[in-house]
2 protein chains.
Amino acid sequence: MVVRELSDETVDRLFHALADTTRRDILRRCVRGELSVSRLAEAYPMSFAAVQKHVAVLERAGLVTKQRSGREQLVRTDPDAVGRARQALDELESAWRGRVDRMARLLAEDPGTEENDTTEGPE
Amino acid sequence: MVVRELSDETVDRLFHALADTTRRDILRRCVRGELSVSRLAEAYPMSFAAVQKHVAVLERAGLVTKQRSGREQLVRTDPDAVGRARQALDELESAWRGRVDRMARLLAEDPGTEENDTTEGPE
DNA sequence: CTCACGTACAACCATTTGGTTGTACGTTAT
DNA sequence: ATAACGTACAACCAAATGGTTGTACGTGAG
């Protein structure tokens with residue numbers, strides 16, 4: 001498993017897609033069996049086009065995939081999606097604890113250099 | 001540990017706050033020692049007021065707390081914050097697998113009521 | 001005391017977002 | 001063949017976002 005580092009834009013789109021109740025609900029629905037967009041749309045108090053847009057946002061964020069089946073477009077949430085969201089959180093949390101710093105430093109410097117942290121952020 | 005369920009609005013604000021590169025960077029910076037807002041502002045190619053607004057967003061999301069110290073306002077990221085973000089993700093992921101539904105139903109209803117799922121979304 | 005600093009907040013602006021309706025087009029059912 | 005269905009997409013709109021500048025005010029330093 002390579003787990004490539006997530007770009008800022010990727011994380012932006014990921015979290016933005018998750019920052020909406022309707023979209024999170026769509027995700028939940030489309031795990032147990034894919035649903036056509038119109039079927040989905042029936043579930044919400046908004047137009048078909050609105051739901052279509054929500055799905056598009058989820059798709060751009062890589063949280064769902066669409067697959068054509070006849071005249072329907074079936075939406076399914078990507079199983080790895082949560083994984084990536086979690087990874088984004090992990091990357092943040094690791095900065096939290098300075099773990100990444102320490103590890104990087106431990107790998108880079110001599111053992112025994114237990115300095116206090118002064119990790120430079122992006123200037 | 002009580003771990004109260006997160007409201008939709010809470011999760012909305014949480015993910016929305018995280019869906020911005022600058023704000024995520026602020027979070028990273030304000031873990032190792034709190035920083036004054038103006039100190040923070042120096043780090044970004046935008047006005048003081050803009051950074052102030054970003055901090056406000058983080059604060060409303062509960063990701064950061066401010067504490068007055070003299071004429072400065074010190075920003076510190078809440079250690080429990082990531083925890084709540086992770087919880088939000090967990091609540092989603094558990095729906096992923098249908099675990100929460102089943103558990104909730106098992107706990108709430110009579111044993112043996114094995115209905116088919118028709119999980120009602122926000123109407 | 002006075003002034004610079006750090007903050008708060010309002011007003012304003014451009015862009016994005018989340019929603020609408022309407023139209024067009026391919027596919028399935030009758 | 002024709003009608004109904006599911007989708008795609010454009011145009012439009014109101015509200016929220018992310019940024020700006022300007023002003024006011026408390027606090028700390030000289």
Side-chain angles (χ1 to χ4, degrees), chain A residues 8-30 33-77 122, chain B residues 7-27 29-30 33-77 121-123:
Chain A
D8 280 344
E9 289 217 338
T10 302
V11 179
D12 283 2
R13 273 177 301 196
L14 235 181
F15 282 135
H16 170 252
L18 290 172
D20 182 284
T21 306
T22 302
R23 285 195 291 263
R24 288 194 302 276
D25 195 71
I26 291 179
L27 285 180
R28 288 191 212 97
R29 283 173 187 268
C30 293
E34 52 248 307
L35 293 176
S36 72
V37 181
S38 43
R39 231 333 132 246
L40 262 176
E42 292 169 7
Y44 304 100
M46 65 186 76
S47 69
F48 170 81
V51 173
Q52 222 179 2
K53 286 190 186 180
H54 279 304
V55 171
V57 170
L58 290 167
E59 199 179 13
R60 268 185 281 121
L63 286 160
V64 302
T65 57
K66 287 194 298 187
Q67 190 194 351
R68 173 142 247 124
S69 164
R71 65 182 169 188
E72 296 186 330
Q73 193 85 255
L74 301 185
V75 181
R76 167 165 31 194
T77 90
Chain B
S7 80
D8 280 346
E9 288 219 338
T10 301
V11 179
D12 283 2
R13 272 177 302 197
L14 235 182
F15 282 135
H16 170 252
L18 290 172
D20 181 285
T21 305
T22 302
R23 286 195 289 263
R24 288 194 302 276
D25 194 70
I26 292 179
L27 285 180
R29 284 172 187 267
C30 293
E34 52 249 307
L35 292 175
S36 71
V37 181
S38 43
R39 202 47 104 71
L40 263 177
E42 293 169 7
Y44 303 100
M46 64 186 75
S47 70
F48 170 80
V51 174
Q52 220 178 2
K53 285 191 186 179
H54 280 303
V55 171
V57 170
L58 290 168
E59 199 179 13
R60 268 185 280 122
L63 285 161
V64 123
T65 57
K66 287 194 297 185
Q67 189 196 351
R68 175 142 246 123
S69 164
R71 63 182 169 186
E72 296 186 331
Q73 193 86 255
L74 300 185
V75 180
R76 167 164 31 195
T77 91
E123 183 64 53

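If you're wondering where the values come from, they're calculated on a predicted model, not measured in any experiment. So you know, we letter chains A, B, ... as the sequences are listed, proteins then strands, and number each from 1.
Contact of the Thr65(A) side chain with the Glu59(A) side chain is not registered, since no non-hydrogen atoms from C-beta on lie closer than 4.5 Å. Between Val75(A) and Val64(A), some side-chain heavy-atom pair lies under the 4.5 Å cut-off.
At the heavy-atom level, Arg23(A) lies under 4.0 Å from the strands shown only through sugar-phosphate atoms. Backbone-only contact: Ser36(A) has heavy atoms under 4.0 Å from sugar-phosphate atoms and none from a base. When heavy atoms are screened at a 4.0 angstrom cut-off, Ser38(B) is found touching the sugar-phosphate backbone but no base atom.
Relative to the ring axis of Phe15(A), Arg13(B) does not place its NZ or CZ within 45° and under 6.0 Å from the centre.
The backbone N or O of Leu74(A) sits nowhere less than 3.5 Å from a side-chain atom of Gln67(A) that would complete a donor-acceptor pair. Put simply, the side chain of Ser69(A) never gets that close to the backbone of Glu72(A): no donor and acceptor are under 3.5 Å apart. Formation of a donor-acceptor pair under 3.5 Å by the Arg76(B) side chain with backbone atoms of Glu34(B) is not found in this model. Judged purely by atom type and a 3.5 angstrom limit, Arg68(B) has no side-chain atom pairing as donor or acceptor with the backbone of Gln73(B).
Whole-Å rounding puts the Asp20(B) CG to dT15(C) P distance at 18 Å. Atom pair His16(A):NE2 and dA16(D):P shows a separation of 14 Å (rounding to whole Å applied). Rounded to whole Å, the distance from CG on Asp12(B) to P on dG18(C) is 10 Å. Regarding Met46(B), its CE atom lies at a distance of 16 Å from the C1' atom of dT21(D), rounded to whole Å. Rounded to whole Å, the distance from CZ on Phe48(B) to P on dG18(D) is 18 Å. Whole-Å rounding puts the Glu34(A) CD to dT7(D) P distance at 13 Å. Phe15(B) has its CZ atom 20 Å from the C1' atom of dT17(D), to the nearest Å. The separation between Leu58(A) atom CG and dT17(C) atom C1' is 14 Å, rounded to whole Å.
Closest contact between the side chain of Lys66(B) and the listed nucleotides dA8(C), dA8(D), dC9(C) involves dA8(C). Out of dT7(C), dT7(D), dG18(C), the shortest distance to the side chain of Lys53(A) is found at dG18(C).
The bend of the helix from dC1(C)-dG30(D) to dT30(C)-dA1(D), defined by the angle between the axes of its first five and last five pairs, stands at 20° to the nearest 10°.
Within residues 67-76 of chain A, the residues approached by DNA chain C to less than 4.0 Å at the level of any non-hydrogen atom are Gly70(A), Arg71(A), in residue-number order.
Of all non-hydrogen atoms in Leu40(A) and Ile26(A), the two that sit nearest each other are CD1-CG2, 3.9 Å.
A salt bridge does not link Arg24(A) with Asp20(A): every distance from a Lys NZ or Arg NE/NH1/NH2 to an Asp or Glu carboxylate oxygen is 4.0 Å or more.
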Run the side chain to side chain contact (heavy atoms under 4.5 Å, CB included) test on Leu27(B) and Leu18(B) for me, step by step, so that the C-alpha distance in whole Å, both residues' side-chain angles and the decisive distance to 0.1 Å come before the verdict.
CA-CA 9 Å; Leu27(B) 285 180; Leu18(B) 290 172; 3.7 Å; yes
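The phosphate of dG19(D) has OP1 or OP2 within less than 4.0 Å of a side-chain N or O from His54(B).
Projected onto DNA chain C by closest heavy-atom contact, Ala49(A) and Ala49(B) fall at different nucleotides, the more 5' of which corresponds to Ala49(B).
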